[in-house]
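The chain is numbered in sequence order, starting from 1. Reckoned from all heavy atoms, side chains included, excluding hydrogens, waters and symmetry mates. Order of listing sets the numbers, starting from 1, for every ligand and every atom in it. Given the structure is predicted, the values throughout are model-derived calculations rather than measurements.
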Amino acid sequence: MTHRQLSKRALLVQLACAAACLPSLALAQAPAFKVGLILPMTGPFASTGRQIDAAVKLYMADNGSDVAGRKIEVILRDDGGVPDQSKRIAQELVVNDKVDVLAGFGITPSALAVGPIATQGKTPAVIMAAATTGIVATSPYLVRTSYTLSQSAGTMAEWVKRQKIGRVMTMVSDYGPGIDAEKTFKEHVERDGGKVVGEIRVPMRNPDFAPYLQKIRDEKPDALFVFIPSGPAVSLMKQFTERGLDKAGVKLIGDGGVTDDDTLNDMGDAALGVVTSFHYSASHDSALNKKFVAAFGKANNGMRPNFMAVGGYDGMHAIYTALKATKGQGKGMDLVDAMKGLSFESPRGPIQISAQTRDIVQDVYIRKVERKNGQLWNTEIDTVKAVTP
Ligand code: PHB
């Protein structure tokens, strides 16, 4: 074979390969779709980071990491629940890593700090945890899969009225969601002539409940409505019974963070009978939730998923669905548009991302802590359908 013949054959082989290999080459060359996940992995809100991180991993294990020809790459960064850090990290993720989506945000101040970065960077940001009602309206790039305090506190207030509970006090964490909860609760109770007889705000970080609980004991309301964020809420239940408020006849009610599924079993009998309103209980009776709880536990040493996990799992579902809907091409506002109006079954029940507000519409449940098979659960005893934020 002459040299010329050889090179002609080589050329033919090359051409044939180029034609055959083109689609897979194109696929392989599609850039990764990057999700910048900002969570408190350390500090007082670390349980939120742990839950959401585990849920994101579970979603990807359940659904694969190739979506519409793009490889999903999650870049997890710890902001310690410090909003200045959330902002700096978001900036780095948008400018240096060129992420396609931001996600996470364990507390309201973090979400509020990231909003302007999402707007400037034209980068969608999926709020998986933070819950102050007004957050989503602060940037057209924000979408929420967690919940709002108006949903939980409003539903709790309506229950209080139905139960004809007379004198109620409130105790909330002194920042966005706490103030939101306090206002919503009071508004609903007093709309029909009820009365909130005292309002207490406790520090957001490292609260010592003792002096406040003493004051409440002296006041002796029929019920105490509480919002404390997931994480610091753990110590409240213990102190409530240690100070004898339950024996004094004060009924503890509140946002479901108070009987957080992540730590409910550690609260012991003190939690029995506590009534809360919330969008997720690990004991929600559906086939999808049973599968979710079992798979989450299996992958995480028996850990029980809480509402933060479900916000993370559903947030990933919104991202995957939007990327598929845009055939893997979606960027910026196209992705936000693809998330608007999404409705699907979540482990918590049916949910929808409002096409108008980009905020979550969902069922809110009244739950009561019960012991079943040796474990404590938030048993759902009533449902209010499709509550808007
Ligand atoms: C919030 O900061 O928005 C927040 C944090 C923890 C919760 C609820 C709301 O449990």
Side-chain angles (χ1 to χ4, degrees), residues 38-41 43-52 55 79-87 103-115 125-138 142-156 170-185 201-207 225-237 254-264 267 274 276-282 304-312 315 348 359-360 362 364 367 378 389:
I38 306 176
L39 292 173
M41 301 305 294
F45 307 103
S47 60
T48 294
R50 181 165 42 85
Q51 285 272 347
I52 296 181
D79 67 2
V82 178
D84 282 351
Q85 296 289 346
S86 324
K87 184 174 180 175
F105 323 117
I107 54 170
T108 290
S110 293
L112 289 174
V114 169
V126 178
I127 301 170
M128 296 170 159
T132 300
T133 306
I135 298 173
V136 178
T138 64
L142 296 177
V143 170
R144 173 149 47 195
T145 58
S146 52
Y147 79 110
T148 69
L149 266 301
S150 61
Q151 288 173 332
S152 71
T155 304
M156 194 75 251
T170 60
M171 180 170 77
V172 302
S173 212
D174 191 7
Y175 79 115
I179 294 159
D180 194 2
E182 178 191 279
K183 281 198 181 136
T184 308
F185 184 82
R201 294 182 183 177
V202 305
M204 175 200 184
R205 287 170 197 272
N206 307 316
F225 167 84
V226 175
F227 167 81
I228 304 290
S230 176
V234 186
S235 61
L236 171 72
M237 195 68 66
D255 167 270
V258 174
T259 55
D260 187 346
D261 269 307
D262 189 53
T263 46
L264 182 58
M267 296 178 191
V274 174
T276 53
S277 62
F278 225 26
H279 56 293
Y280 179 65
S281 165
R304 187 191 282 187
N306 72 357
F307 65 110
M308 295 298 189
V310 106
R348 67 185 103 176
D359 217 332
I360 187 153
Q362 59 192 331
V364 178
R367 311 99 47 82
N378 287 295

Phe278 and Tyr147 aromatic ring geometry - parallel, tilted or perpendicular at 30°/60° bounds: perpendicular
Give the numbers and elements of all ligand 1 atoms closer than 4.0 Å to a heavy atom of Ala131. 1 (C), 3 (O), 9 (C)
Are any of the N or O atoms of Thr108 closer than 3.5 Å to those of ligand 1? yes
Qualifying residue, where the test is side-chain hydrogen bond (donor to acceptor under 3.5 Å, both in side chains) with Asn306 and the options are Asp262, Asp260, Asn378, Asp261: Asp260
Give a yes or no on whether a salt bridge exists between Asp79 and Lys87, defined as a side-chain N under 4.0 angstrom from a carboxylate O. no
Looking at atom 6 (C) of ligand 1, what's its closest protein heavy atom, distance included? Pro229 CB, 3.4 Å
Sub-4.0 Å atoms of ligand 1 with respect to non-hydrogen atoms of Gly106: 5 (C)
Rounded to the nearest 0.5 Å, what separation is found between the CZ atom of Arg367 and the OH atom of Tyr280? 10.5 Å
Between atom CZ of Phe225 and atom OG of Ser277, what is the distance when rounded to the nearest 0.5 Å? 6.5 Å
Which atoms of ligand 1 are found less than 4.0 Å from any heavy atom of Ala130? 3 (O)
So the atoms of ligand 1 within less than 4.0 Å of a heavy atom of Pro177 turn out to be 1 (C), 2 (O), 3 (O)
Ser47 and Gly231 have their tightest heavy-atom pair at OG-CA, 3.9 Å
For atom 8 (C) of ligand 1, closest protein heavy-atom neighbour: Tyr147 OH, 3.4 Å
Hey, what do you get for OG1 (Thr108) to CG (Leu149), rounding to the nearest 0.5 Å? 7.5 Å
At what distance, to the nearest 0.5 angstrom, does CE of Met128 lie from OG1 of Thr48? 13.0 Å
Suppose I only count heavy atoms of Phe227 and a 4.0 Å limit; which atoms of ligand 1 are within that range? 8 (C), 9 (C)
Before signing off on this row, confirm whether Ile107 and ligand 1 have an N or O atom pair separated by under 3.5 Å. no
Please list, in number order, the atoms of ligand 1 under 4.0 Å from a heavy atom of Met308. 6 (C), 7 (C), 10 (O)
Any non-hydrogen atom of Ala233 lying under 4.0 Å from ligand 1? no
Residue selection (non-hydrogen contact nearest atom 10 (O) of ligand 1) among Ser230, Ala111, Ser152, Ala129: Ser230
So between Tyr175, Phe307, Phe278, whose heavy atom ends up nearest atom 2 (O) of ligand 1? Tyr175
Heavy atom of Gly257, distance to ligand 1 below 4.0 Å: no
Flag side-chain contact, heavy atom, 4.5 Å: Thr145 against Val126: yes
